[in-house]
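Here's the structure we're looking at; comments come further down.
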Amino acid sequence: MIKNSIYLTLIALLTTACSGSNNFSPTAEMSGKEIFAAACVECHSPVGEKVMEISADMKDVDKVANQVLIGSLTMPSFPNIQGESARKLAKYVVENSKTK
C-alpha cells in the first residue's frame, strides 16, 4: 500500500511539474534555440544529438507553435510565446527533433 502511494505521488509530481501555464516571455531577438533553452529544457531532455523526440504528425511548424501556445495534459501552455517567437521556436524544434 505504501509503495503504491509513493508511486502515485511521484507520478503526480512529474505531471504537475510540467503542466499548467508558464509566463515565460521571450525577447524579440531570441533565436528558437535560445527560447527552447530558456522555456523547454526543464521538461524536454535531449535524445542523442536531437533536442527531443516528437511524433511524425507533429513535425509541422504550425502544429508545434499551436502546442506551445495551448499546452497539453502534461505540458504547460506558453501564452506569451506567440507570433515570430513561436515560429522560431517551432522551426527549431521541428528541425532538431528525432521522429518517433
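Hydrogens, waters and symmetry mates are skipped; everything else that's a heavy atom, side chains included, is used.
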### Task
Please report the closest heavy-atom contact between Met30 and Glu34, naming both atoms and the distance.
CA-OE1, 3.2 Å
## Note on the structure
side chain to side chain donor-acceptor pair (under 3.5 Å) filter on Asp57, not counting sequence neighbours, yields Ser55
### Message
Once rounded to the nearest 0.5 Å, what's the spacing between atom NZ of Lys98 and atom CD1 of Ile54?
### Response
12.5 Å
## Note on the structure
The reported gap from OG in Ser45 to CD in Glu53 (rounded to nearest 0.5 angstrom) is 12.0 Å
### Message
Nearest 0.5 Å, please: how far is CD in Glu42 from CZ in Phe24?
### Response
12.0 Å
### Query
Counting only heavy atoms not in Glu84, do more than 12 sit closer than 6.0 Å to its CD atom?
yes
### Query
Of all residues at least two apart in sequence or in a different chain, which pass the salt bridge (charged side-chain N to carboxylate O under 4.0 Å, His left out) check with Glu95?
Lys91
### Query
Once you round to the nearest 0.5 Å, how far does CE of Met75 lie from NE2 of His44?
5.0 Å
### Message
Under the rule for salt bridge (charged side-chain N to carboxylate O under 4.0 Å, His left out), what residues qualify as partners of Lys63, not counting sequence neighbours?
### Response
none
### Task
Scan residues 72-100 for pairs that pass ring pair (Phe, Tyr, Trp, His ring centres under 6.0 Å), counting only residues two or more places apart or in two chains.
Phe36-Tyr92
### Query
With distance as the sole test, does Lys59 use its side chain to make a donor-acceptor pair with the main-chain N or O of Val94 at under 3.5 Å?
yes
#### Entry: Inter-residue atom distance Asn96.CG - Met52.CE, 0.5 Å rounding
11.0 Å
### Query
Out of curiosity, does Val51 fall in the hydrophobic cluster containing Val41 (side-chain heavy atoms, cut-off under 4.5 Å, transitive links)?
yes
### Query
Are Leu69 and Ile35 connected in the hydrophobic side-chain network, where two residues link if heavy atoms are under 4.5 Å apart?
no
### Between NZ on residue Lys50 and OG1 on residue Thr99, distance to nearest 0.5 Å
8.0 Å
### Task
Kindly write out the residues that satisfy salt bridge (charged side-chain N to carboxylate O under 4.0 Å, His left out) with Asp60, not counting sequence neighbours, or none if the list is empty.
none
### Message
Within the supplied structure, the quantity of interest is the number of heavy atoms (other residues, nucleotides, ligands) at a distance under 6.0 Å from Lys33 NZ; does it exceed 12?
### Response
no
### Query
In the single-linkage hydrophobic clustering (I, L, V, M, F, W, Y; side-chain heavy atoms under 4.5 Å), do Leu89 and Val47 co-cluster?
no
### Query
Backbone N or O of Ile81 within a donor-acceptor pair of the Ser85 side chain at under 3.5 Å?
no
### Task
Under the side chain to side chain donor-acceptor pair (under 3.5 Å) rule, collect the residues that match up with Thr27, sequence neighbours excluded.
Glu29
